[in-house]
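Here is the structure we will look at.
We name chains A, B, ... by the order of the sequence lines, and we start the count at 1 in each one.
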Amino acid sequence: MHFEFDIEAGDFSKVGFASSQLKKIMKQLVGAHKIVKRIVVALYEAEVNVVAHAYSGKVIIDIDTEKVVIKVEDEGPGIPDVQLAMQEGYSTASEKVREMGFGAGMGLSNIKNNSDKFQIETQVGIGTSLKIVSYLKAQ
Amino acid sequence: MKVSDLIEKLNLELVSGESGIDNQISGGYVSDLLSDVMGSSKEGQVWITLQTHKNVMAIASLKDLAAVILVKGFKPDEDMLQQSNEEGIPVLLTNETTFDISGKLHKLLK
Ligand SMILES: Nc1ncnc2c1ncn2[C@@H]1O[C@H](COP(=O)(O)OP(=O)(O)OP(=O)(O)O)[C@@H](O)[C@H]1O
Ligand SMILES: [Mg+2]
C-alpha cells in the first residue's frame with residue numbers, strides 16, 4: 001500500500017494529519033498493536049520538524065506484510081551537524097515554536113527510539129530526508 | 001480509577017471530551033514540553049500541563065492518554081476543545097498550580 005501527504009511548513013494547526021491518518025490505516029491492518037503507537041510517534045515528530053524547521057515537505061508511506069517504510073522529505077535549511085542535532089536537548093527552534101512547548105530537542109531521539117531503522121540524509125540549503133522503517137513482526 | 005472519579009475527587013471542571021469520562025487512569029505525567037510527553041508518557045496516564053493548543057490533543061490521542069488537566073485557570077483554545085471532543089479525551093480545568101494538583105493526583109493514585 002502506498003500513501004502520500006503534503007506538509008505545509010509553519011502551520012501548526014495541521015501538524016499531525018499524516019500520523020493520525022496512518023494510525024487509522026494501521027489499526028485496520030493490524031489492530032491495536034503496540035507497533036502502531038511507535039510508528040505514529042515517529043511520524044508525528046518528523047511532521048513537527050518539517051513544520052518547525054523547514055519550508056515544505058512530503059510524507060511517503062509504503063506498507064507491505066513485513067514492514068512500514070516512511071519517508072519524510074522536505075525543502076528547507078538542512079541540518080549542518082546531524083550528530084549534534086541527534087543529541088537530546090539540542091534545538092534551534094524559534095521562540096514562537098518554543099512557546100508552544102516544542103523545541104525540547106527530543107524529537108529526533110523519539111524517532112530513533114520508536115523505529116527499527118532510521119536514516120537522515122540532509123544537504124545544507126536544500127533540505128532533509130528521513131527514512132523510518134518499522135518491522136511489523138519482532139525480529 | 002476512572003476520569004469521572006478524578007473529576008469528583010479533585011474538583012475539576014470538565015469542558016470537553018465527555019465521551020471519555022469512563023477512561024481508566026493508569027497514572028500521571030507532568031510536562032509542558034510536547035516531545036518529552038511524546039517520548040515518555042504511557043497509555044492511560046493523565047497529562048498535567050499549561051499548554052492550551054490542539055497539538056496537545058494530537059499527542060494525547062497518539063499516546064492514548066486518559067485525560068488532560070490544564071492548570072492555573074488556563075483555558076483550551078477552540079480547536080483543542082474540538083479535537084478533545086472528536087477523540088473522546090476529556091480536558092479538565094483547575095485553578096490550582098501544577099505542583100498542587102500533581103501532589104493531589106499522586107496521593108489519590110497511590
Ligand atoms: N527537517 C529539518 N530541517 C532542518 N533542521 C532540522 C530538521 N529536523 C531537525 N532539525 C534540526 O535538528 C534539531 C533537533 O531536532 P529535534 O526534533 O530533536 O528537536 P526540536 O525539533 O528542536 O525540538 P522537539 O522535537 O523536542 O520539539 C532542530 O532544532 C533543528 O535544528
Ligand atoms: Mg522536533
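When the heavy atoms of residues 57-72 of chain A are compared with those of chain B, none of the residues falls under 4.5 Å. Contacts between residues 76-111 of chain A and chain B, counted as heavy-atom pairs separated by less than 4.5 Å, involve Glu99(A), Met100(A), Gly101(A), Phe102(A), Ala104(A), Met106(A), Gly107(A), Asn110(A).
The contact between Ser61(B) and chain A is made by backbone and side chain atoms together, counting heavy-atom distances below 4.5 Å. In this structure, the portions of Asp36(B) lying under 4.5 Å from any heavy atom of chain A include both its backbone and its side chain.
The hydrophobic cluster containing Phe17(A) does not contain Tyr55(A), counting ILVMFWY residues as joined when their side-chain heavy atoms lie under 4.5 angstrom apart, directly or transitively. Linking ILVMFWY residues whenever their side-chain heavy atoms come closer than 4.5 Å, directly or via other members, places Ile101(B) and Met1(B) in the same cluster. Placement of Leu33(B) and Ile69(B) in two distinct hydrophobic clusters is found when ILVMFWY residues are connected by side-chain heavy-atom separations under 4.5 Å, directly or transitively. Tracing side-chain contacts under 4.5 Å through hydrophobic residues (I, L, V, M, F, W, Y), one reaches Leu92(B) starting from Leu109(B); they form part of the same cluster. A continuous path of ILVMFWY side-chain contacts below 4.5 Å connects Phe3(A) to Ile39(A), so both sit in one hydrophobic cluster.
Shown here is Glu4(A), whose CD atom has more than 12 heavy atoms of other residues, nucleotides or ligands within 6.0 Å. By the neighbour-count criterion of 12 heavy atoms within 6.0 Å, atom CD of Glu75(A) is sparsely surrounded, having that number or fewer from other residues, nucleotides or ligands.
When every heavy atom of Met38(B) is checked against every heavy atom of Val41(A), the shortest pair comes out as CG-CG1, 3.8 Å. Considering every non-hydrogen atom in both Lys63(B) and Lys37(A), the closest pair reads O-NZ, 3.8 Å. The heavy-atom pair separating Ser13(A) from Lys54(B) by the smallest distance is O-NZ, 2.9 Å. When all heavy atoms of Phe12(A) and Asn55(B) are compared, the pair lying nearest together is O-ND2, 3.2 Å.
Qualifying side-chain contact (heavy atoms from CB on, under 4.5 Å) partners for Thr97(B), counting only residues two or more places apart in sequence or in other chains: Lys72(B), Phe99(B), Asp100(B).
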Please tabulate, for side-chain N and O atoms in residues 3-13 of chain B, each donor-acceptor pair with protein atoms closer than 3.5 Å (sequence neighbours left out).
| residue | atom | partner | partner atom | Å |
| --- | --- | --- | --- | --- |
| Asp5(B) | OD2 | Lys2(B) | N | 3.0 |

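Per-residue heavy-atom pair counts under 4.5 Å with chain A were compared for Asp64(B), Asp32(B), Thr52(B), Asp79(B), and the maximum is reached by Asp64(B). When each of Ser40(B), Ser31(B), Gly39(B) is checked for heavy-atom pairs under 4.5 Å with chain A, Gly39(B) comes out on top.
Within the model, atoms OG of Ser20(A) and CD of Glu86(B) stand 9.5 Å from one another, a figure rounded to the nearest 0.5 Å. Atom CG in Leu62(B) sits 9.5 Å away from atom CD in Glu45(A) (nearest 0.5 Å).
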